[in-house]
Amino acid sequence: MLTSVVSRLATTLTYPLRPSDFLAVVDPRHSSRQVRGVVTGVHRLADDVATVRFRPGRGWRTPRAGQWVRVGVEIDGVRRWRPFSLSSGEGEEPAVTVGAVGLVSGALVRDTRPGDLLFLDQPQGDFLLPPTPGPVLLIGAGTGLTPLRSMLRTLLARDPAADVTLLQLARSRADALFADELDALAARHPGLRLVRHLSGAAGRLDLATPGVLAALVPDWRARASYVCGPEGLVADAERLWAGA
Ligand SMILES: Cc1cc2nc3c(=O)[nH]c(=O)nc-3n(C[C@H](O)[C@H](O)[C@H](O)COP(=O)(O)OP(=O)(O)OC[C@H]3O[C@@H](n4cnc5c(N)ncnc54)[C@H](O)[C@@H]3O)c2cc1C
């Protein structure tokens, strides 16, 4: 009660600024109107791909594996928003992994430094793991690997023996996002089977054609499956599962 009286009073006395604006001076992540995060690290995975870790301010809801967040970046005085999947596992410091393809992604990959502020919306999306998943199949290409990495790290943290097959599609090993990390995880976790299809050498994988996925993942029908990547890949997968 006392708090709310003081707060109302302060609001009157400091108009047009609100108490939250003064708190923002002390802690730049604090704002009652806009959640922000402070960048804590930028890890370059390739020339044009980086993972940006951040510490969100108060009011940000804990994300679940597979969710995405709209990130706002100020470029030439204009705040521009784009959605990015969280690549961090549940319970880890939040992170997005971004491929530089345009304005906002380019700014995040090339110009972001520890200590910078990001504007954030709440994590959202229903691309989520079931509460008690059985065998899981994750299929991803390009930056589509980001929510799958989040799911994989979450599953293995919950159960180091989790039964997971990850099918990664990439042009080459150099293009395969998180390749070293995924190899290391597969070496440590016998329940994780990593299948990598490199289209530069092996040609495009036509998921929609019956038998193609079965050749790589014979038990695919018995697995809860998650696919993320370019539209064509997702459409092919939908066709395959519709006919399964
Ligand atoms: C739910 C969701 C989750 C996403 N998660 C991620 C993620 O984890 N990591 C990530 O890097 N991106 C992710 N994206 C894409 C991201 O939101 C942006 O669309 C992307 O970064 C391009 O924004 P930009 O401002 O850099 O490019 P813009 O300046 O808006 O576009 C510049 C040019 O790039 C082209 N372009 C846009 N997107 C792509 C693309 N993906 N590949 C090639 N060319 C493109 C446009 O056609 C345009 O010509 C996600 C998108 C959605 C909808």
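Along the sequence shown, residues carry numbers from 1. In each ligand, atom 1 is the first atom listed, and ligand 1 is the first ligand listed.
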- Message: Would you say atom 48 (C) of ligand 1 makes contact with the protein, given that contact here means a non-hydrogen protein atom less than 4.0 Å away?
- Response: no
- Query: atom 27 (O) of ligand 1: which protein heavy atom is closest, and how many Å away?
  - Reply: G102 CA, 3.3 Å
- Message: Using a strict threshold of under 4.0 Å (side-chain N to carboxylate O), is an ion pair present between R223 and D163?
- Response: yes
- Item | Candidate with minimal heavy-atom separation from atom 21 (O) of ligand 1, of G125, A50, G144, S105 | S105
- Would you call R173 and D180 a salt bridge, taking side-chain N to carboxylate O under 4.0 Å as the test? yes
- Message: Checking the side chain of T51 only, and the main-chain atoms of T97 only, is there a donor and an acceptor separated by less than 3.5 Å?
- Response: no
- Query: Is R36 close enough and on-axis enough to F119, meaning under 6.0 Å and within 45°, for cation-pi?
  - Reply: no
- Message: For atom 11 (O) of ligand 1, what is the closest protein heavy atom, and at what distance to 0.1 Å?
- Response: G99 N, 2.9 Å
- Item | Euclidean distance, R61 CZ relative to L120 CG, rounded to 0.5 Å | 12.5 Å
- Message: I need the single residue from I139, L167, L213 that forms a side chain to side chain contact (heavy atoms under 4.5 Å, CB included) with L205. Which is it?
- Response: L167
- shortest atom 17 (O) of ligand 1-to-protein heavy-atom contact is with P83 O, 2.5 Å
- Task: Among all protein heavy atoms, pick the one closest to atom 30 (O) of ligand 1 and tell me residue, atom and distance.
- Result: R82 NH2, 3.2 Å
- Message: T146 versus ligand 1: do any nitrogen or oxygen atoms come within less than 3.5 Å of each other?
- Response: yes
- Query: Does R239 come within less than 4.0 Å of D236, counting only side-chain N to carboxylate O?
  - Reply: yes
- Task: With atom 7 (C) of ligand 1 as the reference point, say which of T51, T97, V98 has the nearest heavy atom.
- Result: T97
- Message: Looking only at the side chains, is there a donor atom on one of S85 and Q67 sitting less than 3.5 Å from an acceptor on the other?
- Response: no
- Query: Where's the contact between W68 and ligand 1, heavy-atom distance under 4.0 Å: side chain, backbone, both or neither?
  - Reply: side chain
- Message: Strictly inside 4.0 angstrom of atom 14 (N) of ligand 1, do you find any protein heavy atom?
- Response: yes
- Item | Taking atom 3 (C) of ligand 1 as the reference point, the nearest protein heavy atom with its distance | S85 OG, 3.6 Å
- atom 28 (P) of ligand 1: closest protein heavy atom, distance to 0.1 Å, is L103 N, 3.9 Å
- Which protein non-hydrogen atom lies closest to atom 34 (O) of ligand 1, naming both residue and atom, and how far is it? V101 O, 3.3 Å
- Message: Among V35, L86, L118, exactly one meets side chain to side chain contact (heavy atoms under 4.5 Å, CB included) together with V69. Which residue is that?
- Response: L86
- Query: Does any N/O atom on V104 come nearer than 3.5 Å to any N/O atom on ligand 1?
  - Reply: yes
- Task: Would you check the N or O atoms of G106, main chain and side chain alike, for any that come under 3.5 Å of an N or O of ligand 1?
- Result: no
- Distance-only donor-acceptor check, side chains S87 and T146, under 3.5 Å: no
